[in-house]
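What follows is one structure encoded as structure tokens, with my remarks underneath.
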2 protein chains.
Amino acid sequence: MTVLILTSEEDVTADMVVVHLNASGVPVIRLDPADLTGGVSLSGEYVHGAFRGHLQAADRLVSISGLRSIWVRRPGTAATRAAQPSSWLTEESAQALYGMLRGSDARWMNHPDAARRARHKPWQLRLAQRCGLPVPATLITTFPQAAREFADRYPDLVVKPVSGAHPQDPPRAVPTSRVAPDTDFTAVAYGPTLLQRRVPKRADIRLTAVDDRLLAARKATLADADPDEVDVRFASSDLPWQPADVPPRIAEAVLSYLREAGLSYGAFDFAEDADGTWWFLECNQSGQFGFVEVETGQPIARTIAEWLSRPGPEPHSRVNGSTTRVC
Amino acid sequence: MTVLILTSEEDVTADMVVVHLNASGVPVIRLDPADLTGGVSLSGEYVHGAFRGHLQAADRLVSISGLRSIWVRRPGTAATRAAQPSSWLTEESAQALYGMLRGSDARWMNHPDAARRARHKPWQLRLAQRCGLPVPATLITTFPQAAREFADRYPDLVVKPVSGAHPQDPPRAVPTSRVAPDTDFTAVAYGPTLLQRRVPKRADIRLTAVDDRLLAARKATLADADPDEVDVRFASSDLPWQPADVPPRIAEAVLSYLREAGLSYGAFDFAEDADGTWWFLECNQSGQFGFVEVETGQPIARTIAEWLSRPGPEPHSRVNGSTTRVC
């Protein structure tokens, strides 16, 4: 049984995992959907009530029923490196590839439906609440008056995008920023705005979850840190990431979150306050882990490789991104 | 409890359903996500472990927790009619709206995840097989040699797009066409091609499923019909659609299909052969039903209105497009 990795050619994080898969002798096929109809070919036949499908990349041919797991790392857009790319060819190729893979019994990290759903921050916040994770007071609104009233109740706020990265070319992360006390919220009417109570933090927490394996890392905030530096991705602190224990209640809530979200991988960001409470900020279903692994020495790549290597497909197929019986 | 309909302003099919909802006194709010930050506003607050959200359209304000059901009919792309539209505003607005609605307990017709998954034709064919529906022998391939061998085994073939409508502006349906006996399949290497055994048909079947209510219609094929006219959407026959009984085995398989697909609405197309067998062609999760209702008098709009009107949200929330327990 083979592990399929969908990612671009240059992907050091995938390389880290492949090293472990190779070391344990698990067959791997790695391809980028962008190469479809170029270096990547596919074929699937539906005859007499059965399906037989194949993928070919770099002269390796694998059977779709022989896939044990599929790792959706950083795949390119289908067929964009074809000889004559077009939006029509992209659509046809994406539907053919993912349509066949979705019908397989392989385990996904992460299933495309679960991945897409998990990107919705309003949904994340609601699910985090339901699973019992502490969520800082948050407002998402196009009503200026609602923003003003929220700022009266919570005077120390940050603003962040609802959707994540700005669709520039290449896309760029939009930093979370502090809201000035005298902010005029009139412009809220022109675009949904996410306001959140700022958590005065003594550390950032990155909790990497691989199925039921939780690996947390903690990066302390400098005592004299500028309180305007709220976004750890853009902060100047050079304190290191260090392994941290996961409080049992957080562990239980995170496992519930993953189960309900249908995710087998998630990178959770928390802010730790002065009381030691971990406040949920977000769960990125495709979050990087290389920097944490390098600084902490935590075996994240190996844990992913182990999950991908588990023998055989799901006993119940994950057609829906959650476990269900198929007909 | 209110019914939310997401669709464009001009939508006669939605009008047909609204008539029934109004007649039974069920509150309805109808809005087009394209009008976000213009005529449509939203707000959602996450405080003390709870969520309170609201939508406003045409001076009607509804609570998101007060939604009993959400009908995703033909919504426009979010915020495209805003004062200053942009891809960033569209992304922010779509995530805000659908992110909040996804966190609600309302029943969906259809849930966005289920809808997206259901568009994958290779996945449809596999699910139809698994549910026991007869599926004509089909090949989807980029290997010319596989296409040649398939054409040797099944000399009478049709070709159709893998993905559906061609992304022109406006998008246009690509007709299913017959494959000439002397076809050269070399070009298959440049784009995935779907070949299917042609079913010599004596009728087209449209089966409209609203949850567990199945309404089938049959349009007989003229005895002297041109066998090259394989696509009923483009055929010249003026024989009418007439109500038809659903064979019990087909009914059972269709209900399995809907359950596994997480769909509460589906428009199934079958070709009926000379033996009376219904061959599965596709299931369109957003298929039109107006033309069938007009010709057959079947109460499809009323059945949809009844489903949308059922009191209260799901006992289990449909976070995944399939029924699961939430934390």
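Convention: sequence-line order gives letters A, B, ...; per-chain numbering from 1.
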Where does [X] contact chain A at under 4.5 Å (heavy atoms): side chain, backbone, both or neither?
| X | result |
| --- | --- |
| B/Ala50 | backbone |
| B/Ala82 | neither |
| B/Pro134 | neither |
| B/Ile140 | both |
| B/Tyr98 | both |

Please state whether the side chain, the backbone, both or neither of [X] comes within less than 4.5 Å of a heavy atom of chain B.
| X | answer |
| --- | --- |
| A/Ala83 | neither |
| A/Ala128 | neither |
| A/Tyr190 | backbone |
| A/Arg153 | side chain |

[X] to [Y] - nearest heavy-atom pair and separation:
| X | Y | value |
| --- | --- | --- |
| A/Thr141 | B/Ser43 | OG1-OG, 2.6 Å |
| A/Gln95 | B/Ser163 | CG-CB, 3.5 Å |
| B/Pro192 | A/Thr37 | CD-CG2, 4.1 Å |
| A/Val47 | B/Ala137 | CG2-CB, 4.0 Å |
| A/Pro161 | B/Glu92 | CB-OE2, 3.5 Å |

Are more than 12 heavy atoms, taken from residues, nucleotides or ligands other than [X], located less than 6.0 Å from that residue's [atom1] atom?
| X | atom1 | answer |
| --- | --- | --- |
| A/Arg148 | CZ | yes |
| A/Arg60 | CZ | yes |
| B/Gln145 | CD | yes |

| Top contributor to chain A contacts, counting heavy-atom pairs under 4.5 Å, from B/Leu42, B/Thr193, B/Leu194 | B/Leu42
| remark: Assert top hit (heavy-atom pairs under 4.5 Å, partner chain A, pool B/Leu133, B/Leu139, B/Val40) equals B/Leu139
Which distance, rounded to the nearest 0.5 Å, do you find between the [atom1] of [X] and the [atom2] of [Y]?
| X | Y | atom1 | atom2 | result |
| --- | --- | --- | --- | --- |
| A/His120 | B/Leu101 | NE2 | CG | 9.5 Å |
| B/Gln56 | A/Phe143 | CD | CZ | 4.0 Å |
| A/Gln129 | B/Phe51 | CD | CZ | 8.5 Å |

| B/Pro122 backbone acceptor or donor facing A/Tyr46 side chain under 3.5 Å | yes
| message | Taking the basic N atoms (NZ, or NE/NH1/NH2) and the acidic carboxylate oxygens, is any pair closer than 4.0 Å for B/Glu91 and A/Arg119? | response | no
| A/Arg102/B/Asp113 ion pair, N-O < 4.0 Å | no
